[in-house]
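Owing to the predicted nature of the structure, the values given are computational and were not obtained by experimental measurement. Throughout, residue positions are numbered sequentially from 1 according to the sequence presented.
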Amino acid sequence: MTPFRNLTAERQEALRAAYAEEMARQGGTCEMAEKIARFAAWLAPQGVSFGPEDLPQRQR
């Protein structure tokens, strides 16, 4: 699996945009841990890993 932080900025943005479209059709959450888990689960089939270490420093 490729860590999200190792992807190009363009690839990260494309994945975020695709994920946002998917989440617009589902219920949201305010819990950061749940947000991370959902994004990680969505990225996994695409061979990308994501965890708290991939968040910008201010959001950790």
Side-chain angles (χ1 to χ4, degrees):
M1 295 256 259
T2 303
F4 188 80
R5 65 187 165 280
N6 291 350
L7 300 175
T8 65
E10 293 81 16
R11 181 70 176 136
Q12 288 182 7
E13 183 56 37
L15 288 168
R16 283 187 191 110
Y19 181 71
E21 287 181 29
E22 179 69 24
M23 289 299 101
R25 294 186 287 272
Q26 299 182 22
T29 181
C30 294
E31 296 295 323
M32 183 57 72
E34 181 66 21
K35 289 179 181 185
I36 292 169
R38 289 180 184 186
F39 192 42
W42 184 84
L43 287 170
Q46 299 175 68
V48 178
S49 64
F50 187 88
E53 65 278 2
D54 293 300
L55 292 172
Q57 187 66 29
R58 69 181 189 284
Q59 293 182 0
R60 288 186 195 173

Roughly how far apart are Arg38 CZ and Glu31 CD, rounded to 0.5 Å?
10.0 Å

Nearest 0.5 angstrom please: Asp54 CG to Ile36 CD1, how far?
9.0 Å

Residue pair Leu43 / Phe50: nearest heavy atoms and the distance that separates them:
CD1-CB, 3.6 Å

What closest approach, in Å, do Ser49 and Pro3 show between heavy atoms, and which atom pair accounts for it?
OG-CA, 3.3 Å

Determine the minimum heavy-atom distance between Phe4 and Arg16, stating which atoms define it.
CE2-NH2, 3.4 Å

Compare every heavy atom of Leu7 with every heavy atom of Gln12, then report the nearest pair and how far apart it is.
NE2-O, 3.4 Å

Return the CZ to CG distance between Arg11 and Asn6, rounded to the nearest 0.5 Å.
13.5 Å

